[in-house]
There are 2 protein chains.
Amino acid sequence: MTPSNVEQVLNTWQDSLHQHGYRMTRPRRQVMEIIAASETALTPQEIYQKSLELERSLGIASVYRTLEMLEELGLIQQIHQPGGCHGIWPTLEGHKHHLICRDCGQMQVIEGNVDIDGYITAIEKQTGYRVDDHWLQFFGRCDGCLN
Amino acid sequence: MTPSNVEQVLNTWQDSLHQHGYRMTRPRRQVMEIIAASETALTPQEIYQKSLELERSLGIASVYRTLEMLEELGLIQQIHQPGGCHGIWPTLEGHKHHLICRDCGQMQVIEGNVDIDGYITAIEKQTGYRVDDHWLQFFGRCDGCLN
DNA sequence: TCCTTATTGATAATAATTATCATTATCAGT
DNA sequence: ACTGATAATGATAATTATTATCAATAAGGA
């Protein structure tokens, strides 16, 4: 994110905090600046570590509390990568797409018939990345939990 | 997974273990049975908890070791859901797809121009789910890390 | 069946997250 | 600009999850 974009995002976020009755404090601003200025998705610990290099560092608890608030407001989201673990499931050949019920956690594996390949090629050309894997996951409520 | 499918999967897995020089032990079999028989993606702790109800329960360390082995063999994979955290990123309107470099962690947000909506409708009709969110993430190596 | 050694389970060590609470700082209302 | 009510902080204790250690055990080839 470019510096001017960071500034803009922070202003938007500050408005959102005030609209929801939250105060804009120095620690919160620091967390938000670190997130908005980062090239990579950061963990809570990484955000805390970065703050240690600033003239006035954060308490680790404030990092967690601020992240919780920002997520509740829908201003940030969590990014998941291979390596961290939320659940274990057998690998089935050719089945890469998962459908997960938010309520009961039940999961279904669905056949992949979206034209992802063409999309991947376009992305590679556009970004210079070499893409070697992808995840497509759907979240919602299953038939049982809806009724 | 149906009981007969579980049996089938376990046999396949056992072959894979032996082919790679791993022994098939009672604890490993228990972990595999629990995973294969489950309707939902389980965490290591949940697998351990389920084993406590069995006549001979698992050591928690064996659960982690078995999962590590199964993943190395490509027999299981990790499923990620909203709520667990691997990294934090600002939410940008209409930008739901992420491209992540395995090496440096750099992330790019890419415009979503895949026809996901039609796919979602088909999934809903097919499964009875109400889908309210989805994640499409691509993993690979960025231009810089490739060279 | 025996023997080699991979594997286990108990537990200690480490790391990450959440809870507690006295002190501090925000900001609405003068 | 000042004040006061109270939201928020930081230090740290408590909890939880994961990894490392090592003597005892058990898998499976000879």
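Residue numbers begin at 1 in each chain, while the letters A, B, ... track the order of the sequences.
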A:Q108 to B:T127 - nearest heavy-atom pair and separation: OE1-CG2, 3.5 Å

Given atom [atom1] of [X] and atom [atom2] of [N], what is their separation to the nearest angstrom?
X	N	atom1	atom2	result
A:L17	C:dA25	CG	P	19 Å
B:L58	C:dA10	CG	C1'	14 Å
A:R28	C:dC27	CZ	P	9 Å
B:M24	C:dT7	CE	P	12 Å
A:E68	D:dT9	CD	P	12 Å
A:Y22	C:dT26	OH	C1'	16 Å
B:I60	D:dT21	CD1	P	18 Å
A:Y64	C:dA15	OH	P	13 Å

Side-chain donor-acceptor pair present, A:Y22, A:E72, cut-off under 3.5 Å: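 Yes, A:E72 and A:Y22 have a side-chain donor paired with an acceptor closer than 3.5 Å.
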
Assert: residue with more 5' nearest nucleotide on DNA chain C, out of A:R23 and B:S57, is B:S57

Any ion pair linking B:R130 and A:D143 (charged N to carboxylate O, less than 4.0 Å)? no

How long is the gap from CZ on A:R28 to CD on A:E33, to the nearest 0.5 Å?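 If we round to the nearest 0.5 Å, A:R28:CZ and A:E33:CD are 14.5 Å apart.
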
May I ask you to say what A:R65 touches in the nucleic acid, namely base, sugar-phosphate or nothing, with a heavy-atom cut-off under 4.0 Å? base

Assuming nearest nucleotide by heavy-atom distance, tell me which of A:A61 and B:Q45 is located more 5' along DNA chain D.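 Nearer the 5' end of the strand: A:A61.
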
Which residue, A:S62 or A:C85, contacts DNA chain D at a nucleotide closer to its 5' end, judged by nearest heavy atom? A:S62

Among C:dT8, D:dT9, D:dT12, which is the nearest nucleotide to the side chain of A:P27?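 My answer, after comparing the listed nucleotides, is D:dT9.
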
Below 4.0 Å: OP1/OP2 of D:dA27 and any side-chain N or O of B:H18: no

Distance test, side-chain N/O of A:T25 to OP1/OP2 of D:dT9, below 4.0 Å: yes

Can you tell which of A:L42, A:T43, A:I35 makes a side chain to side chain contact (heavy atoms under 4.5 Å, CB included) with A:L67? A:I35

